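Just the heavy atoms: all of them, side chains too, but no hydrogens, waters or symmetry mates, feed the values below. Note that the structure is a prediction, hence the values are computed from the model and not measured. Lettering follows sequence order; numbering is per chain, from 1.
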Amino acid sequence: MLYAILCYNDEDVVGAWTKEEDDEVMTRLAAVQEKLTKQGRLGPVARLMPTTAATTLRKSGNEPIVIDGPFAETKEQFLGFYVVDCASLDEALDISRELSIANPGTGSYEIRPISIFRPGQTTS
Amino acid sequence: MTDANWIDAALTAARPQAVGALLRYFRNLDVAEEAFQEACVKALKNWTKNGPPRDPTAWLIFVGRNSAIDVVRRQAKQQPLPPEEVLSDLEDNETAIAEKIDGADYRDDILRLLFICCHPDLPATQQIPLALRIVSGLSVKQIAKAFLVGESAMEQRITRAKGRIAAGEIPFETPDPIERAERLAAVAAMVYLIFNEGYSAAANEQQARIPLCEEAIRLIRLLLRMYPTEPEIMGLAALLLLQNARSAARFDAKGEVVLLEDQDRKLWNREMINEGLALIDKAMRHRQPGPYQIQSAIAALHARAQTADATDWIEIDLLYGALERMMPSPVITLNRAVAVAKVRGPAAALTLIEPLEERLSGYFHYFGVKGGLLMKIGRNGEAREAFNRAIALANTAAEAAHIRMHLDSLSKK
């Protein structure tokens, strides 16, 4: 079954990483990803820009409302995701544990089974 | 990343809000800073053992506040009591703190902390180090390095700045909307100063001064998180990102300046450019143009051009025209002349800048641009004269070297 692993963290903390620390975390996360890729279990992966770059379109009546930033103000923000193929929740939790070892400290991973998946393809 | 690394990042991220809240309680910058330091020491011990608390900032404020209350009480036994309003503020109970931390007034705390660093009595040379020390939490050593001065000289500069602030009035009452807007504008201007302090460095100093650009970007992101609907804050954030994206291409291997049109655009940081473009798109939607937005729109046109030849100079000329109307300045007109030269030719650009000569008689770039324009229309004698004046006014060896290159090419003609 496909699972989405959604990454949440305080973006102020992530923003306080030095370039070296950021690179180091990315290298360690890449190692976890590579293992999954070799096993043919890794789908799309994304790191999102800070929420300051985000815009929300909120459906409301006839004319949707456009809001700067994410709709909800929370202590931890949605900062990225992985799509992985796992036989069970335990496997998905194991992968999340590996990710948390590669990127320790604050934050959390939300493991969400995927209902419909269309990987799609962009042309540019 | 070790424990120390992530704890360090968490403390740095919490600092503006925590020190801002502690300053509101104790109304004294030194007490607030010491309280925060004390809380950090306890955090290092406690978090390593127990992992991060659910809300690190609230934890630091609570622990810092308690330790400073102890200090204030101990001093009170030896010294006469501090003024009543200081003490009364210390008697809040725990629930009140939790409310205050969750409430919206943390924005005013951070804004106040930044705003006191922009005190009008402080020259920019003191404002910037003070903000980096108090708000960003850089060490005196780091700041001294970025400013290319000795550590004790920087220590003195910061102490002097703090003294001036302590002698003056710190505005503690909650600002009204107009005051808030004024504070935000002053703070934004200071963030831009911090960025330029790093960005205007020569090649050999660049490495040491990069942290200034990075701190400025971190601060503008903080402001943007606090005021997510302010188009000018989006504009300034976009401007800093778009400019910083070009840093790897700005100097050649010999440390000489590479002009925008000659830069290798593959060296530009696409990630930063994309974030900058996303922000300027967001800002424009508000239809409230301002100087930062216009400058970032100009930077965005450069960033969007695949090659220098593909630059939309007509639009850049129009944007500079709008900027001139918004804040008339000979330097802006001079920048516009570069666009005018591309759109209507060097002679038209020369006509535009010649009236500025008196006001810009001490400005390196004026004579650099003037010499370039004269050279293009074949008035080589006058061009040489302008270049010589530019060299006399050059701020760095790299600037002078760049003009000498033009002089050399003139003498070959």
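Among A:Thr55, A:Val66, A:Asp10, the residue making the largest number of heavy-atom pairs under 4.5 Å with chain B is A:Val66. Your options are B:Gly51, B:Pro56, B:Ala14, B:Pro52, and the one with the most heavy-atom pairs under 4.5 Å with chain A is B:Pro52. When each of B:Pro228, B:Ala238, B:Ala278 is checked for heavy-atom pairs under 4.5 Å with chain A, B:Pro228 comes out on top.
Inspection of non-hydrogen atoms places A:Met49, A:Pro50, A:Thr51 of residues 39-51 of chain A under 4.5 Å from chain B. Contacts between residues 279-288 of chain B and chain A, counted as heavy-atom pairs separated by less than 4.5 Å, involve B:Leu279, B:Lys282, B:Arg285, B:His286.
B:Ile233 CD1 to A:Asp68 CG: the interatomic distance, rounded to the nearest 0.5 Å, is 12.5 Å. Here the CD1 atom belonging to A:Ile67 is positioned 11.0 Å from the OG1 atom belonging to B:Thr229, to the nearest 0.5 angstrom. Taken from OH in B:Tyr227 to OG1 in A:Thr52, the straight-line distance is 15.5 Å, to the nearest 0.5 Å. One distance of note links OG1 of A:Thr106 with CG of B:Asp55; it measures 11.5 Å at 0.5 Å rounding.
At a threshold of 4.5 Å between non-hydrogen side-chain atoms, the residues A:Glu11 and B:Arg225 count as touching.
Of all heavy-atom pairs between B:Ala9 and A:Trp17, the closest is CB-CD1, 3.6 Å. The heavy-atom pair separating A:Ala16 from B:Ala13 by the smallest distance is CB-N, 4.2 Å.
For a residue to count as touching a neighbouring chain, one of its non-hydrogen atoms must lie under 4.5 Å from one of that chain's; by this rule B:Arg218 touches chain A with the side chain only. For B:Glu271, the part sitting under 4.5 Å from any heavy atom of chain A is the backbone (N, CA, C, O) and nothing else.
Residues meeting the ring pair (Phe, Tyr, Trp, His ring centres under 6.0 Å) test with B:Phe36, sequence neighbours left out: none. Every residue two or more places apart in sequence or in another chain that forms a ring pair (Phe, Tyr, Trp, His ring centres under 6.0 Å) with B:Phe195 is listed here: B:Tyr199.
Residue-environment remark: CD (A:Glu76) exceeds the threshold of 12 foreign heavy atoms within 6.0 Å.
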